[in-house]
Amino acid sequence: MATFSLPAKDVDEWNLNPTVTYRHVLSQSTGVHNPLRTIGLCDLDCFYAQCEQRRLGIDPALPIVVLQWDMLIAVNYPAREFGIKRMTKLPDAKKMCPNLVVVHVATYKDGESEPKYHPDPNNKTHKVSLDLYRRESNKILNVFKTTLPTAEIEKASIDESFVDFTRPIQQILLERYPELASPPPDSPLNLDTPLPPPPARLEWHKSSVWVPVNPEAEKGTESSEGPQQEQDSTPATWHDVALSIAAELLDNTRREIRETLGYTTSAGIARNKFLAKLVASYKKPNSQSVLRNAAIPNYLRPLPFQKIRFLGGKLGTILAEEYEAKTVGELLYIDLAEMQRKFGPESLWVYQVFRGIDIGEVKEKPPVNKSMLASKNLPKPIRQDGDVLQWVRVLCSELAVRLLEARETGTVWPKTIALHTKQAGDSASKSKQTPFPFVRDLTGDVIVAAVMKLWKELHTSDAERAANPNVPKMKIINIAVSFNGVETLEQGQRNIAGFFGGPASKGASSSKLIAQEKKSHEDDSNASPLTYKCPTCSKVLSVLSVEGDDEDTRAARLEAVKAEHEDFHFAQRLSRQETIKLGAGSGKRRISPARRGPPSKKRKEPGIESFFKKK
DNA sequence: GTGGATGAG
DNA sequence: CGCTCATCCAC
């Protein structure tokens, strides 16, 4: 039998069978070092294709491709049966499959404030919109959050999320094996006592695919009940129990996604993020795969390391060239010191990943991204000032739509807005930024005005160009507008933002408003204090005058702001108590109590949203 | 603040 | 493999 066996030293170094103690079941503070840690990665099968299939109400068994201009950006599994791939040319794809459903992504057109499914979108005049996919992505994320309320969830991309199942697993272990709630009374190690052996007959989750421990031995018996046999021959550990529980939970979530939203997913479950991500592609589509610790070495050794997340690029290429190697196994003999000499501090991560170790945490991301960028490569370059506005309008209306969408989760403001351009033949790009126009009724036009000002700062005008023959010809082949430093405003700031600009100030810039504000203060020497310093957090709350209001009105507003701010502290105290409660009995090794615990919910404030009128 | 590098898909 | 994003970092 051509099975591999790993030297005991490696079992140790790879940490394949760590001791699990009562503390590991009871404590939330063990973090990435908890041997019960179990991570899932779930991604949508050919996501864009599924979105379009659902939008159009098409039978999912029909072959469908999603087009971006003349390029295929998504191919569903029925279409793949015909040999169609992402790089296939559209005419070729149609020949391979005459009944192929071809859908072009939605596009923005100048003069339209929303993306549409234009019957014949033109790359010369339209801009691609991925809005539908972003919205569907958020719906899916919500299914994760509601079906796994105690798990940590990290949205990794538009079609992928990581889930840290450790906490729900701890809860379920205690329900199913109540004896794990406390160590035997006579055990001197107390919580550090190792757990009793796991149940002799573990229920390996049935509808998951378990990666075999010895793939060679599997061959031939695989189709029948091979995997089950195999699993039984390598004794189950408590981590295997944890994997099984995660498999149940993720299976439920995936079913919910399928039944409520109609999307199929593929998932991987393993002890850390990188392995979960890797094993998710073990079987696709509409399937989930589980990697036991015992199966890690034989799974990893033959694996081309450039498939590993973050080794797909430059770093992976350097490694491949330096050692003329392709697989993880070929690099296992290289010691850490040598790698560190050659490749610097990145090496530790690489060294550990090759041994199935990754301490990367699953961390919830804030509901909105830090930046939003709308860009367009121009098949017909911009050659004069007059060509610019149409594109600026298209890009800005897209960003305006996206910003307003983001405001469904809170009061979101970018700090700055930037214009980026790229000249033909110049690999570099130029950009210029300015503070975001801080106005109440945000429209595309306000943003357009700001961007056009940036354009003037960035490029010499047509007039000057004509007057000065030394100025090189304009040939812009890429234009982009971005919002940077996008943040959800906190309680105190939110009120300030809400009162910025009264009804009269529509469309005015923030700097104007501030100027008005200063003036009215000077005029009113009897004004009562408009600020209040919070005794709890020392934040200074303030209300700003709105044209035409009086002292009493302002004072009342300050009171309202104070009350809301106190509510905020109240809610914070509540959520902190929750953390403490959950953490009780978890031992003394809590390092940073504030860091873990339930994600702090953004408090909803009725009324404030109405300040931001939709177009 | 600007521009470059890197990476995902 | 062209296109559309996002993040991080040096200066």
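All values reported here derive from a predicted model rather than from experimental measurement. Naming convention: chains lettered A, B, ... in sequence-line order (proteins, then strands); numbering from 1 in each chain.
With sequence neighbours excluded, the residues forming a side-chain contact (heavy atoms from CB on, under 4.5 Å) with A/Ala374 are A/Lys127, A/Leu395, A/Glu398, A/Leu399, listed by chain and number. With sequence neighbours left out, the salt bridge (Lys or Arg N to Asp or Glu O under 4.0 Å) criterion links A/Arg465 to no other residue.
For A/Lys277, whose side chain is taken as the heavy atoms from C-beta onward, the closest listed nucleotide among B/dG1, B/dG7, B/dG9 is B/dG9. Here B/dG4 is the nucleotide among B/dG4, B/dG7, B/dG9 with the atom lying nearest to any side-chain atom of A/Ala428.
The CD atom of A/Glu457 sits 13 Å away from the C1' atom of B/dT2 (whole-angstrom rounding). Per the geometry, NZ belonging to A/Lys422 stands 13 Å off P belonging to B/dG3, to the nearest Å. Going from atom CZ of A/Phe274 over to atom C1' of B/dA8 covers 17 Å, rounded to whole Å. One atom, CG of A/Asp43, and another, P of B/dA8, lie 14 Å apart when rounded to the nearest Å. The nearest whole Å value for the distance from the NZ atom in A/Lys273 to the P atom in B/dA8 is 14 Å. For A/Lys89 and C/dC1, the NZ to P distance is 8 Å, given to the nearest whole Å. Rounding to whole angstrom units, CD of residue A/Glu160 and P of B/dG9 are separated by 5 Å. Atom P of nucleotide B/dG9 and atom CG of A/Leu311 are separated by 13 Å, given to the nearest angstrom.
OP1 or OP2 of B/dT2 has at least one side-chain nitrogen or oxygen of A/Lys432 nearer than 4.0 Å. The side chain of A/Ser431 contributes an N or O atom lying less than 4.0 Å from OP1 or OP2 of B/dG3.
The pair A/Arg135-A/Asp131 meets the salt-bridge criterion, with a side-chain N (NZ, NE, NH1 or NH2) lying under 4.0 Å from an Asp/Glu carboxylate O. A salt bridge links A/Lys277 and A/Glu160; the closest N-O separation between the charged side-chain nitrogens and carboxylate oxygens is under 4.0 Å.
Using a 3.5 Å distance cut-off with no hydrogens or angles, the side chains of A/Thr147 and A/Glu256 do not pair a donor with an acceptor.
Under the 30°/60° scheme for interplanar angles, the aromatic rings of A/His104 and A/Trp69 are found to be tilted.
No contact: A/Ile158 has no heavy atom under 4.0 Å from any strand. Contact annotation for A/Lys85: no contact, since no heavy-atom pair falls under 4.0 Å across all strands.
With values rounded to the nearest 0.5 angstrom, A/Gln306 atom CD is found 9.5 Å from A/Leu315 atom CG.
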Nucleotides 3-11 of chain C: protein proximity per nucleotide (B base, S sugar-phosphate only, - neither; heavy atom, under 4.0 Å): SSSSSS---

